[in-house]
Structure formats: C-alpha cells, structure tokens
S.K.: 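Got a structure for you, questions after.
Whatever order the structure lists them in is the order used to number ligands and atoms, beginning at 1.
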Amino acid sequence: MKLKRRFGLVFTSVILAGVLTACGTSDDKDESSTGSSNDTDKNVLIMGTSADYPPFEFVETATGEEIKGFDVDLAKALGKKLGYEVKPKDIDFNGLIPALENGQADLVLAGMTPTPERIKTVDFSDTYYTSRNMIITKKGSDIKTPADLEGKTVGVQLASIQEGLVTDLVKEEKLDIKVEKLNRIPEIVQQIISGRYDAAVIEDTVSKGYLADNKELVGSLIEDGSEEAGSAIAFKKDSKLKDEFNEKLKEMKENGEVEKLVLKWFGDGAAK
Ligand code: ARG
C-alpha cells in the first residue's frame with residue numbers, strides 16, 4: 001500500500017513534471033512565435049540605408065555582411081533609448097524613400113539631406129550632421145571648381161542632392177556636362193580611376209575615405225556655402241516615430257553623445 005502510494009506519488013510527479021516541461025516548451029514556443037508576431041515586431045525597426053557611404057554606412061567585405069558606420073551607431077543608440085531594436089537593411093539610395101512609403105523600412109539613415117522636394121513625400125528629424133560637397137578627379141586634372149566641369153563627364157549618385165547639384169549646373173548655369181548617374185559610389189569612383197568619367201561630386205566626409213584609399217585621386221571642396229549637405233533621419237509621412245526619435249536626438253545632441261559618435265567616425269584616426 002505504502003509502496004503503491006509512493007509509486008503513485010512518483011508517477012504523479014513524473015506526469016506533473018512532464019506537463020510542466022510541456023508547458024515550458026509550449027511557453028518557449030509561444031515566445032519564439034511571438035518573436036515574429038506583430039507584438040514583438042513593434043520593437044524591431046528596419047533602418048533603410050545605402051551602405052556605400054563610409055563612414056556613414058558601409059559593409060566591410062572582409063568581415064562579412066554587417067553594415068557599420070556613424071548612422072548605424074546613431075540609429076541603434078536612439079532605438080535603445082526608445083526600446084527598439086534597429087536593424088539596418090541595404091537598399092540602393094534611390095530606393096530608400098520608396099522603401100519608407102511602402103513599409104519596407106521604418107526609418108532611413110543614409111546621410112540623407114532633407115530637401116524641399118523630399119519633404120513633400122517623407123518627414124525628417126532635425127539635422128544631425130552637416131558636410132559639404134567635393135569634386136573628385138584624377139591627380140593632374142585641371143578640374144577644381146564647378147565651372148571647370150564644362151565639357152566633362154561627371155558621375156553622381158542616382159537620386160542624390162549631388163545629382164541635383166550637377167543637373168542645376170547644366171540647367172541653370174548652362175554648362176555642357178555629361179551627367180552619369182550610378183547607384184553606388186564605389187562604382188562612380190571606379191569610373192574615374194579607369195578614365196571613363198572626368199570627375200564626380202561626392203560629400204567631403206565620404207570623399208575623404210575614397211581619396212585615402214585611391215592615391216591617384218584628388219578632391220576640391222565646392223566653396224559655395226549654399227551647397228551644404230545636411231543629414232537627417234527620414235520617416236514615412238506622419239509616422240509617430242518622428243517625434244520620439246527627434247526628442248532623443250535632441251537629448252543626444254545636447255549631452256554630447258552625438259559629438260562622441262562624430263569623433264568616433266569622422267575624427268582624426270576615426271573608426272573604420
Ligand atoms: N546627402 C546626399 C543626399 O541626401 C547623399 C546621400 C547619399 N547617401 C548614401 N548612403 N549613399 O542626397
């Protein structure tokens with residue numbers, strides 16, 4: 001009898017343990033399945049970016065697929081403060097605004113400048129960094145100013161403000177320039193090296209890296225102050241994320257956290 005009862009007890013506890021384990025497993029399963037359900041997805045934000053823009057965003061081919069850079073650090077830091085996990089996604093620059101519009105990306109950090117044209121279709125945060133534009137050409141070339149681009153073939157990134165800048169030289173300054181638009185900056189740089197393009201217009205902070213890696217190239221800053229290229233975060237129109245992110249961005253600007261990232265990525269001996 002005693003034995004029987006004990007057996008019963010053991011048996012019951014085994015069953016109980018089994019049930020508990022089963023519950024545990026099903027709990028785990030539930031957790032992992034919510035991982036892809038809407039509830040948890042709310043905490044994951046897809047950051048659209050065009051990872052051809054060191055030190056803003058780039059893929060280090062040697063170390064694999066990971067997208068790194070100033071924009072990635074900034075977005076992740078902002079996300080962390082707001083309880084989001086930010087995942088960068090590489091998209092051609094001209095596809096970034098469409099990606100926001102069709103929901104493929106929740107926010108865009110791509111050294112993107114808030115232009116009046118873009119503001120019509122997406123919302124922007126405050127500016128978090130400002131650079132200027134540079135003309136890149138081969139050493140020994142006599143191209144130094146926008147006027148020197150007359151009669152030349154000039155590469156720009158498709159849909160960038162640099163495309164706008166060179167197109168304006170053609171339309172408004174009536175310069176005779178062959179404007180070549182490519183998706184990816186390294187391809188443009190390659191065309192200059194191979195002699196197919198005479199020059200390119202690229203942001204100075206980004207040019208710096210390409211100049212350091214390609215000693216046959218030189219850059220001249222475009223002195224006209226009106227041609228500044230500010231960077232801001234873009235969101236789908238009326239996204240509630242904008243205010244949240246903007247508030248934290250303001251904090252990070254005030255408390256020096258943005259400055260720290262600027263030094264890390266753009267300072268002397270900057271991270272790569
Ligand atoms: N600032 C320029 C623009 O907004 C160029 C940005 C290019 N960014 C990139 N990740 N390739 O048009």
Side-chain angles (χ1 to χ4, degrees), residues 46-60 65-76 86-101 104-105 107-136 146 154-169 179-192 199-211 213 219 221-222 224-235 261-262 265-266 272:
I46 303 299
M47 163 190 157
T49 194
S50 172
D52 62 344
Y53 220 52
F56 287 90
E57 46 266 335
F58 56 100
V59 180
E60 223 164 29
E65 303 275 282
E66 196 198 346
I67 303 174
K68 306 198 314 185
F70 174 69
D71 281 341
V72 180
D73 276 5
L74 179 63
K76 288 197 167 164
V86 174
K87 289 193 177 162
K89 181 175 178 182
D90 198 8
I91 299 172
D92 280 345
F93 190 74
N94 74 330
L96 288 171
I97 288 185
L100 282 178
E101 291 178 311
Q104 271 178 41
L107 70 169
V108 161
L109 282 88
M112 187 180 272
T113 309
T115 63
E117 198 53 41
R118 289 175 184 156
I119 290 170
K120 284 185 202 153
T121 44
V122 291
D123 284 345
F124 281 97
S125 72
D126 297 338
T127 301
Y128 55 79
Y129 191 76
T130 305
S131 26
R132 292 164 69 193
N133 289 307
M134 221 177 202
I135 300 176
I136 304 294
V154 180
V156 286
Q157 183 161 44
L158 184 66
S160 68
I161 58 164
Q162 289 74 24
E163 176 192 331
L165 188 155
V166 179
T167 308
D168 279 356
L169 292 175
V179 190
E180 295 283 4
K181 303 160 195 173
L182 293 186
N183 272 323
R184 297 266 151 180
I185 304 274
E187 290 163 16
I188 300 171
V189 172
Q190 212 41 55
Q191 297 289 347
I192 304 176
V201 177
I202 303 174
E203 236 162 282
D204 60 349
T205 35
V206 175
S207 300
K208 231 165 117 182
Y210 286 103
L211 291 178
D213 291 346
L221 212 55
I222 299 182
D224 181 353
S226 64
E227 303 297 359
E228 279 187 347
S231 294
I233 312 171
F235 304 90
L261 290 179
V262 167
W265 291 105
F266 300 105
K272 268 212 176 154

S.K.: Check the pair Phe58, Phe70 against ring-ring contact (aromatic ring centres under 6.0 Å, His included), reporting the backbone distance first and the verdict last.
M.R.: CA-CA 10 Å; Phe58 56 100; Phe70 174 69; over 10 Å; no

S.K.: At a 4.0 Å threshold, what atoms of ligand 1 neighbour a non-hydrogen atom of Gln157?
M.R.: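 Checking each atom against Gln157, I get 7 (C), 8 (N), 9 (C), 11 (N).
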
S.K.: Among all the protein's non-hydrogen atoms, which is closest to atom 9 (C) of ligand 1, and how far away is it?
M.R.: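 Going atom by atom, the protein heavy atom closest to atom 9 (C) of ligand 1 ends up being Tyr53 CG, 3.3 Å.
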
S.K.: Atom 6 (C) of ligand 1: which protein heavy atom is closest, and how many Å away?
M.R.: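 Ranked first by proximity to atom 6 (C) of ligand 1 is Gly111 O, 3.4 Å.
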
S.K.: Among all protein heavy atoms, pick the one closest to atom 8 (N) of ligand 1 and tell me residue, atom and distance.
M.R.: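 For this ligand atom, the closest protein heavy atom is Ala110 O, 2.8 Å.
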
S.K.: Test your reading of the structure: does Ile161 have an N or O sitting under 3.5 Å from an N or O of ligand 1?
M.R.: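 Yes; the residue has a nitrogen or oxygen that sits under 3.5 Å from a nitrogen or oxygen of the ligand.
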
S.K.: Looking only at heavy atoms, is any part of Asp52 under 4.0 Å from ligand 1, and if so is it the side chain, the backbone, or both, or is it neither?
M.R.: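 Only the side chain of Asp52 comes within reach of ligand 1.
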
S.K.: Is it the case that ligand 1 has an N or O less than 3.5 angstrom from some N or O of Thr113?
M.R.: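 Yes, at least one N or O pair falls under 3.5 Å.
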
S.K.: Is the backbone N or O of Ala159 less than 3.5 Å from a side-chain atom of Asn94, with the two atoms forming a donor-acceptor pair by type?
M.R.: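 Judged by distance alone, no pair lies under 3.5 Å.
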
S.K.: Are any of the heavy atoms in Phe56 under 4.0 Å away from ligand 1?
M.R.: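 Under 4.0 Å: no for Phe56.
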
S.K.: Of the non-hydrogen atoms in Gly111 and Glu57, which two are nearest, and what is the gap between them?
M.R.: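 Looking at all heavy atoms of both residues, the shortest contact is N-OE2, 3.7 Å.
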
S.K.: With distance as the sole test, does Ser50 use its side chain to make a donor-acceptor pair with the main-chain N or O of Asp92 at under 3.5 Å?
M.R.: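 Looks like no, no N/O pair under 3.5 Å.
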
S.K.: I want to confirm something. Looking only at heavy atoms, which of Glu57, Arg118, Arg184 is nearest to atom 3 (C) of ligand 1?
M.R.: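 It is Arg118 whose heavy atom sits nearest to atom 3 (C) of ligand 1.
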
S.K.: Tell me whether Asp204 contacts the main-chain N or O of Arg132 through its side chain, where contact means a donor paired with an acceptor under 3.5 Å.
M.R.: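 Yes; at least one donor-acceptor contact below 3.5 Å.
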
S.K.: Going by the atom numbers of ligand 1, which of them fall below 4.0 Å from some non-hydrogen atom of Ser160?
M.R.: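 Contacts of ligand 1 toward Ser160, numbered from 1: 12 (O).
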
S.K.: With atoms numbered from 1 as shown, which atoms in ligand 1 lie under 4.0 angstrom from a non-hydrogen atom of Glu203?
M.R.: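 Once the distances to Glu203 are compared, the set is 1 (N), 2 (C), 5 (C).
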
S.K.: Heavy atoms only: give me the nearest Phe93-Arg118 pair and the separation to one decimal.
M.R.: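 Minimum heavy-atom contact is CE2-NH2, 3.4 Å.
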
S.K.: Do Tyr53 and Tyr210 have their ring centres less than 6.0 Å from each other?
M.R.: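 Between Tyr210 and Tyr53, which both carry aromatic rings, the centre distance is not below 6.0 Å.
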
S.K.: Could you please spell out the steps behind the side chain to side chain donor-acceptor pair (under 3.5 Å) verdict for Glu117 and Thr115?
M.R.: CA-CA 5 Å; Glu117 198 53 41; Thr115 63; over 6 Å; no

